[in-house]
Amino acid sequence: MSEEPGVRELRLVVTAADYDAALHFYRDVLGLPERAAFSSPDGRVSILEAGRATLELTDPNHAEFIDDVEVGRRVAGHIRVAFQVDDSAAVTRTLAGAGAEVVAEPTRTPWNSLNSRLEAPGALQLTLFTELGEDQDRSSRGATSPVS
């Protein structure tokens, strides 16, 4: 059996009614580099780099827990995008200035990251998170370390 995974890339495809505003927000404001862009008489698409991709699966109870920690109530749908950034507070301010709605200001989580929640173009809920370092009490509490 090959040691290489069968999947080479995770690509989240977002259909945005206002393509130009969404492209500006994600590429120019959030800073996702454009890998490729294509257009035809039928429409346009841009492929933006977002660093390393992971797929985080959660059950409804844990999704509710994450929402409660980050926002104080259940707000996300079945899909939420989380971006690890160097300074979630600063990026939150930048994205809010570009039109994202801040749902919750940066909050320190039980898994020791600073997370904020935004409603962004393309009707996506975003979590911005900054890892704050290892929490010395984590192993004694038996806590897991979800990142978003």
Side-chain angles (χ1 to χ4, degrees), residues 2-37 45-148:
S2 172
E3 292 183 25
E4 294 185 38
V7 175
R8 300 278 183 229
E9 176 180 345
L10 170 67
R11 186 170 294 178
L12 176 67
V13 179
V14 176
T15 301
D18 190 339
Y19 173 85
D20 291 319
L23 181 61
H24 171 71
F25 181 86
Y26 293 103
R27 182 190 62 198
D28 304 330
V29 180
L30 185 56
L32 303 180
E34 188 171 76
R35 181 197 304 172
V45 61
S46 290
I47 300 169
L48 307 177
E49 294 287 340
R52 182 179 62 95
T54 61
L55 178 62
E56 180 176 324
L57 299 174
T58 185
D59 65 21
N61 289 335
H62 194 75
E64 186 172 343
F65 170 70
I66 292 169
D67 275 5
D68 189 51
V69 167
E70 292 181 4
V71 181
R73 67 189 188 288
R74 183 74 173 125
V75 294
H78 76 286
I79 294 177
R80 175 178 49 83
V81 178
F83 290 108
Q84 182 177 9
V85 297
D86 290 335
D87 184 343
S88 55
V91 177
T92 297
R93 289 189 299 274
T94 298
L95 297 185
E101 176 189 340
V102 177
V103 177
E105 294 291 338
T107 302
R108 188 177 189 140
T109 68
W111 46 91
N112 206 28
S113 62
L114 190 64
N115 294 23
S116 65
R117 185 72 67 88
L118 300 104
E119 184 76 28
L124 281 179
Q125 283 233 344
L126 302 182
T127 292
L128 301 178
F129 69 98
T130 301
E131 296 295 346
L132 298 175
E134 281 300 311
D135 181 4
Q136 301 302 329
D137 298 336
R138 182 176 295 156
S139 60
S140 64
R141 289 193 321 262
T144 59
S145 60
V147 294
S148 53

Less than 4.5 Å apart, side chain to side chain, heavy atoms only: is that true for Val71 and Gln125? no
Quick check: do Glu70 and Thr107 have side-chain heavy atoms less than 4.5 Å from each other? no
Between the side chains of Glu49 and Arg35, is the shortest nitrogen-to-carboxylate-oxygen separation below 4.0 Å, so that they form an ion pair? yes
Quick one: does Glu131's side chain get under 4.5 Å of Asn112's, heavy atoms only? no
Could you check whether atom CG of Asp86 has more than 12 heavy atoms from other residues, nucleotides or ligands sitting under 6.0 Å from it? no
Between Tyr26 and Leu124, which heavy-atom pair has the shortest distance, and what is it? OH-CD1, 3.6 Å
Give, for atom CG of Leu128 and atom CG of Leu30, the distance between the pair rounded to the nearest 0.5 Å. 7.0 Å
Is there a side-chain contact between Leu32 and Arg27 in this structure, where contact means two heavy atoms from C-beta onward sitting under 4.5 Å apart? no
Begin with the C-alpha distance, continue with both residues' side-chain angles, and end with the deciding distance and a verdict on side chain to side chain contact (heavy atoms under 4.5 Å, CB included) for Glu119 and Val75. CA-CA 10 Å; Glu119 184 76 28; Val75 294; over 6 Å; no
Please give me the minimum heavy-atom distance between Leu118 and Ala96, naming the atom from each residue. CD2-N, 4.4 Å
As an exercise, state the distance from CZ of Arg80 to CZ of Arg117, rounded to the nearest 0.5 Å. 4.5 Å
Any side-chain to backbone donor/acceptor pair from Asn115 onto Thr127? Under 3.5 Å, distance only. no
Are any non-hydrogen side-chain atoms of Trp111 and Val69 less than 4.5 angstrom apart? yes
Search all heavy atoms of Leu48 against all heavy atoms of Glu34 and return the closest pair with its distance. CD2-CA, 3.7 Å
Close side-chain approach of Thr109 and Ile66, heavy atoms under 4.5 Å: no
At what distance, to the nearest 0.5 angstrom, does NE2 of His62 lie from CG of Asp68? 11.5 Å
Write down the atom of Ala120, the atom of Ala100, and the distance for their closest heavy-atom approach. CA-CB, 4.5 Å
Rounded to the nearest 0.5 angstrom, the CD-CG distance for Glu105 and Leu114 is 10.0 Å
On a heavy-atom basis, which atom in Gly122 and which in Ala16 lie closest, and how many Å separate them? CA-CB, 4.1 Å
Mind running side chain to side chain contact (heavy atoms under 4.5 Å, CB included) on Thr54 and Leu10 for me, showing each step along the way? CA-CA 7 Å; Thr54 61; Leu10 170 67; 5.9 Å; no
Here's a test for you: under side chain to side chain donor-acceptor pair (under 3.5 Å), which of Ser88, Ser116, Ser113 qualifies with Thr130? Ser88
